[in-house]
Each structure stands twice: as structure tokens, then as C-alpha cells.
Peer 1: 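Structure in C-alpha cells, see below.
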Amino acid sequence: MSSIKQNLTSIHARIHAAELAAGRPTGSVQLVAVSKTKPASDLVQAYQAGQRHFGENYVQEALEKQAQLNAYAMIWHFIGPIQSNKTRQIATAFDWVHSVDRFKIAQRLNEQRPDNLPPLNICVQVNISRETTKSGIMLEELSDWVSVMQTLPRLRWRGVMAIPEPEHDFEKQRLPFRRLYEAVSALKQPTLDTFSMGMSDDLEAAIFEGATMVRIGTAIFGQRDYSATLN
Ligand SMILES: *Cc1c(COP(=O)(O)O)cnc(C)c1O
């Protein structure tokens, strides 16, 4: 068995155990395999082990891989920072975007989503730990998005994404995820069904607090070697 396949098996076991421990239905958490900096051949290995959702951070790198992988029914998630001059490519080549944090970006994605594709699934990124260096809106701004998103028919607002400050203690990991879950629930928008939260080190805490998608890179594909990429 390849190590990617083995790693996927262990991540599925962790997700399953967390779902059970949290009293949530089996299969309520989707795994997005974060494949930035990894070659197309690694994605094929994951695909052959049953993985369908893939997350990428860099537009150019993702488009090159997609061109090599167009024979596979992969579902593509854009999870990196978004520059306005890249929105057309993102709106065309992805099924999901998790990292929307400016109205202008949402408006451009809406205008540029091709008519022959279904509406683009969107998560608004929230800077849940209020770190000055991180992307994302502040939690109090979330309610402003309700009326804006209603004017963008080519987008389907699904929920939120967050990357909290790293913490090792389980209870401390849970707090920001809980704050986010409560803030979204308070909006009372039943179509917001997606909580993209949890990575290799905190997926259990995220699942306890309602994550519906976890984004896992290192624990599936191994350490990343950034010197091998242009970005
Ligand atoms: C890289 C990345 C991940 C995956 O992180 P790992 O620690 O490798 O699991 C998840 N989400 C985002 C937004 C990322 O950029």
C-alpha cells in the first residue's frame, strides 16, 4: 500500500473517531486533501484510494495540475489568498472557494463564473484569532455578508472557513471553532451548511465544534518542499 493511501486511511479513522466521540453522524465530515506543492502523481494516488476533493492555494500551480488530471473526476477547492487579477481563472476552474474575504472579490467571482457551470460554492474566510498577519474578515462583519451575497446569483454562499492560531491543548483548540459556529448559527440562514475548519493538528477539536469539511495536507502527502514551487 502506498504511504498516501495509508495516510488517508489513518485520517479517515481519526475523522470517524471524532464524529463518534462528538455524537455526530458518520460521514458528516468531508475530507479535502490539500495538495499544494505536490505533483499530479500524488493526487492520482489519493484519487485511486477514493479521495475526490482536493484543495489548492496557488492558481498557476493548480491550473497546471488540472490540465494533467482532466481525466479524473476531481472536485477542486481554492483555499489560498485571492488576487483580483486571478478571479476569472478561479471562477472558471474551481468548484469551491474557501478564502473569500472582500466584497469586491465576491462580486468579481459572481460576474466571471461561466454560465454553463453551476453557481460557485463559497465560504467566507474569518480571521477567528484576530491575527494582524492573517487574511479573513472579523467575526462581527459576518452579518454584513448576508445581504451582499443575496445579490450574487452565480455564487452559492455555503458557509465559513477559518484557520485559528495554533494551539496544542484540545480545549483551547475548541474555543475559536465554537465562537465561529455560534456566530454563523446566529445569522439564522439555513442554507449556510458548511464549516471548513480543522487541519492536520486540530481536526478533532474542529469536528467537536461542528466542522463539515477538514482541510488536510501534511498528514496525507507529507512535508511540503516550498523550494520546488514558483510561489
Ligand atoms: C496548507 C493549508 C492547509 C493544510 O495544512 P496542513 O497543516 O498541511 O494539514 C489547510 N488549509 C489551508 C488554507 C492551507 O493553506
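All ligand and atom numbering here is 1-based and tracks the order in the structure. These values consider heavy atoms only, across backbone and side chains, with no hydrogens, waters or symmetry-generated copies.
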Peer 1: Answer with yes or no whether the side chains of Lys86 and Gln89 bring together a donor and an acceptor at under 3.5 Å.
Peer 2: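 Side chains of Gln89 and Lys86: no pair found under 3.5 Å.
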Peer 1: Could you check whether Lys65 pairs with Glu61 (Lys NZ or Arg NE/NH1/NH2 to Asp/Glu carboxylate O, under 4.0 Å)?
Peer 2: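 Salt bridge present between Lys65 and Glu61.
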Peer 1: For atom CD of Gln223, decide whether the heavy atoms of other residues, nucleotides or ligands shown that lie under 6.0 angstrom number more than 12.
Peer 2: no
Peer 1: Where is the nearest protein heavy atom to atom 8 (O) of ligand 1: which residue, which atom, and how far?
Peer 2: Thr218 OG1, 2.5 Å
Peer 1: Who's the nearest protein heavy-atom neighbour of atom 9 (O) of ligand 1, and how far?
Peer 2: Ser200 OG, 2.6 Å
Peer 1: With a cut-off of 6.0 Å (strictly less than), are more than 12 heavy atoms of other residues, nucleotides or ligands near CZ of Arg88?
Peer 2: no
Peer 1: Is any N or O atom of Gly217, backbone or side chain, closer than 3.5 Å to an N or O atom of ligand 1?
Peer 2: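 N/O-N/O distance below 3.5 Å exists for this pair.
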Peer 1: From atom 5 (O) of ligand 1, work out which of Glu56, Gln223, Met199 has a heavy atom at the shortest distance.
Peer 2: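 That would be Met199.
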Peer 1: Given the rule that I, L, V, M, F, W and Y join up when any side-chain heavy atoms are under 4.5 Å apart, are Phe177 and Met213 in one cluster?
Peer 2: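 Per the 4.5 Å side-chain linkage, Phe177 and Met213 are not co-clustered.
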Peer 1: For atom 14 (C) of ligand 1, which protein heavy atom lies nearest, and how many Å away is it?
Peer 2: Lys36 NZ, 2.9 Å
Peer 1: Going by heavy atoms, is Arg224 under 4.0 Å from ligand 1?
Peer 2: yes
Peer 1: Pick from Glu111, Arg113, Arg108: which one makes a side chain to side chain donor-acceptor pair (under 3.5 Å) with Thr87?
Peer 2: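 In the set Glu111, Arg113, Arg108, the residue that makes a side chain to side chain donor-acceptor pair (under 3.5 Å) with Thr87 is Arg108.
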Peer 1: For ligand 1, which part of His98 has a heavy atom less than 4.0 Å away: the side chain, the backbone, both, or neither?
Peer 2: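 For His98, there is no contact with ligand 1 at all, from either part.
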Peer 1: Which atoms from ligand 1 have a heavy atom of Asn57 less than 4.0 Å away?
Peer 2: 14 (C), 15 (O)
Peer 1: What are the atoms of ligand 1, with element, lying closer than 4.0 Å to any heavy atom of Ile216?
Peer 2: 9 (O)
Peer 1: I need the contact type for Ile163 against ligand 1. Using non-hydrogen atoms and a strict under-4.0 Å cut-off, is it side chain, backbone, both or neither?
Peer 2: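 Under 4.0 Å from ligand 1, Ile163 contributes side-chain atoms alone.
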Peer 1: For atom 11 (N) of ligand 1, which protein heavy atom lies nearest, and how many Å away is it?
Peer 2: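 Atom 11 (N) of ligand 1 sits closest to the protein heavy atom Arg215 NE, 2.8 Å.
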Peer 1: Under 4.0 Å between a side-chain nitrogen and a carboxylate oxygen: does that hold for Glu171 and Arg174?
Peer 2: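 Looking at Glu171 and Arg174, the cut-off is met.
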Peer 1: Do Ile82 and Val100 have side chains that approach each other closer than 4.5 Å (heavy atoms only, starting at C-beta)?
Peer 2: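 SC-SC contact between Ile82 and Val100 confirmed.
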Peer 1: Nearest protein heavy atom to atom 12 (C) of ligand 1, by residue and atom, and its distance?
Peer 2: Ile79 CD1, 3.5 Å
